[in-house]
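One structure, pasted below without further comment.
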Amino acid sequence: MGRELQRDLHDADRLTRKTATLIFCVGLFMVSLVLAAMTSVKIQQFHFGSLSVLVPAGTIAFGLTYLATDVISEVWGRTYALCVVLIGLLLRILVIVLILYALYAEEVFGFISVAGGWTAERQEAFVSIMSSGNRLNFAGMVAFGVSAVTDVMIFHFFQRRDAGKNRLWFRNNISTMVSQALNSVIFITAGFAGAMPPELIGSLILGQIIIKILVAALDTPAVYLIRNFAEGRRLFDFRG
């Protein structure tokens, strides 16, 4: 009786850990996804010795979405990961709708007007920033849909192929790096083509790929730690 109770308590603790970890991963995914879309309108310059590249400010936040989906793929499986990706796409559409509302509600709905203190200059600046963000949000939605599904499929191909081997580090990095490179090409081309010279477009693509590869490499220990917590393993067990 005592052993059964102890086993039940252990299973309850494991369920709580897995549930809490799933909520954390989904939350991290959604927050990072929306934040990446909203902040990518700002372009930063990274310097790597003599090499300087342009990088949208949302690149690091977007890289965290892959950390979340890789953990979900590893612990809960492909169906859960694809479900989270689909919900993410739907939320990106909702973000676009809400941005359009914030931009043009006063022009469309006669019963809405701006409050005092909101000047024409503020409205012009607001539209300039948020309308650019809307284009990037749409470009990001397309790029994200293609690359996230690619990430999940590559991850599970190697998960099946390497079953029983200590290769989580490999499938995490290879799936993330390939899909992130694909995302960068689609996102930068769709988001900035026509608004920037071709040489700057190339610098943005290269900059995104470099930063995303660095994020993918650095997040590998975090993938192990989060997986280990969810599955009740020793926290610093880097096997499997």
Inset, instruction - Taking the six-membered ring for Trp and the full ring for Phe, Tyr or His, determine whether the centres of Phe29 and Tyr80 are under 6.0 Å apart. - result: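 Between Phe29 and Tyr80, the centre distance exceeds or equals 6.0 Å.
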Inset, instruction - Of all the heavy-atom pairs spanning Gly58 and Thr39, show the shortest one and how long it is. - result: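 Here Gly58 and Thr39 meet closest at CA-OG1, 3.2 Å.
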Legend entry - Heavy-atom side-chain proximity of Phe236 to Asn228 below 4.5 angstrom: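 They are not in side-chain contact.
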Inset, instruction - Evaluate the side chain to side chain contact (heavy atoms under 4.5 Å, CB included) criterion for residues Leu168 and Asp162: first the C-alpha distance (whole Å), next the side-chain angles of each, then the deciding distance (0.1 Å), finally the verdict. - result: CA-CA 9 Å; Leu168 172 56; Asp162 299 333; over 6 Å; no
Legend entry - Derivation of the side chain to side chain contact (heavy atoms under 4.5 Å, CB included) call for Gln208 and Phe62: CA-CA 10 Å; Gln208 271 215 333; Phe62 188 76; over 6 Å; no
Inset, instruction - Keeping the roles fixed (side chain from Arg17, backbone from Phe229), state whether a donor-acceptor pair exists under 3.5 Å. - result: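 Confirmed, Arg17 side chain pairs with Phe229 backbone.
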Inset, instruction - Spell out, yes or no, whether Val26 and Val31 are grouped together once hydrophobic residues are joined by side-chain heavy atoms under 4.5 Å, including indirect joins. - result: no
Inset, instruction - Check whether the side chains of Tyr66 and Ser147 place a donor and an acceptor atom closer than 3.5 Å, and report yes or no. - result: yes
Legend entry - Non-hydrogen atoms of Gln45 and Ser52 that approach each other most closely: NE2-CB, 3.6 Å
Legend entry - Minimum heavy-atom distance between Leu28 and Ala68, given as atom pair plus value: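 Nearest heavy atoms, Leu28 then Ala68: CD2-CB, 4.3 Å.
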Legend entry - Straight-line distance of Ile72 CD1 to Arg78 CZ, nearest 0.5 Å: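 Rounded to the nearest 0.5 Å, the CD1-CZ separation comes to 15.0 Å.
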Legend entry - Close side-chain approach of Val75 to Glu231, heavy-atom, < 4.5 Å: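 Sidechains of Glu231 and Val75: in contact.
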Legend entry - Minimum-distance pair of heavy atoms, taken over all atoms of Met38 and Val95: SD-CG1, 4.2 Å
Inset, instruction - Please examine the side chains of His156 and Arg171, heavy atoms only from C-beta on, and report whether any two atoms are closer than 4.5 Å. - result: no
Legend entry - Steps toward ring pair (Phe, Tyr, Trp, His ring centres under 6.0 Å) verdict (Phe126, Trp118): CA-CA 10 Å; Phe126 181 71; Trp118 187 259; 5.7 Å; yes
Legend entry - Spacing of Leu225 atom CG and Asp237 atom CG [to the nearest 0.5 Å]: 10.5 Å
Legend entry - Derivation of the side chain to side chain contact (heavy atoms under 4.5 Å, CB included) call for Phe46 and Ile210: CA-CA 10 Å; Phe46 279 61; Ile210 291 173; over 6 Å; no
Inset, instruction - I would like to know whether Lys212 and Ser184 meet side-chain hydrogen bond (donor to acceptor under 3.5 Å, both in side chains); could you show each step before the answer? - result: CA-CA 9 Å; Lys212 287 176 177 178; Ser184 298; 3.2 Å; yes
Legend entry - N/O donor-acceptor pair under 3.5 Å between Thr59 side chain and Pro56 backbone: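 A pair under 3.5 Å: yes.
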Legend entry - Cation-pi geometry met for Arg161 and Phe158 (6.0 Å, 45°): no
Inset, instruction - Tell me, with the steps shown, if Val55 and Leu204 meet side chain to side chain contact (heavy atoms under 4.5 Å, CB included). - result: CA-CA 5 Å; Val55 182; Leu204 280 169; 5.8 Å; no
Inset, instruction - Could you tell me whether the side chain of Met30 reaches within less than 4.5 Å of the side chain of Thr65, counting heavy atoms only? - result: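 Not touching, per the 4.5 Å side-chain cut-off.
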Legend entry - Whether Asn173 side chain and Trp169 backbone form a donor-acceptor pair below 3.5 Å: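 Such a contact is found between Asn173 side chain and Trp169 backbone.
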Legend entry - Close side-chain approach of Cys25 and Ile226, heavy atoms under 4.5 Å: yes
Legend entry - From Asp151 atom CG to Ile174 atom CD1, the distance as rounded to the nearest 0.5 Å: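 Rounded to the nearest 0.5 Å, the CG-CD1 separation comes out at 11.0 Å.
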Legend entry - Note, Val146 side chain near Leu182 side chain (heavy atom, < 4.5 Å):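 Side chain of Val146 against side chain of Leu182, heavy atoms only: contact under 4.5 Å found.
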Legend entry - Gap between atom CG of Leu51 and atom CG of Leu206 - 0.5 Å precision: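 So the gap between those two atoms works out to 6.0 Å.
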Legend entry - Atom of Ser175, atom of Ser179 and distance for their closest heavy-atom approach: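 Smallest interatomic distance, heavy atoms only, reads O-OG, 2.6 Å.
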Inset, instruction - State the CG-CD1 distance between Asn183 and Ile209, to the nearest 0.5 angstrom. - result: 10.0 Å
Legend entry - Gap between atom CE of Met141 and atom CG of Leu33 - 0.5 Å precision: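 Rounded to the nearest 0.5 Å, the CG-CE separation comes out at 10.5 Å.
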Legend entry - For the student: nearest non-hydrogen atoms of Asn172 and Ala216, plus distance: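 In terms of heavy atoms, the two residues are closest at ND2-O, 4.0 Å.
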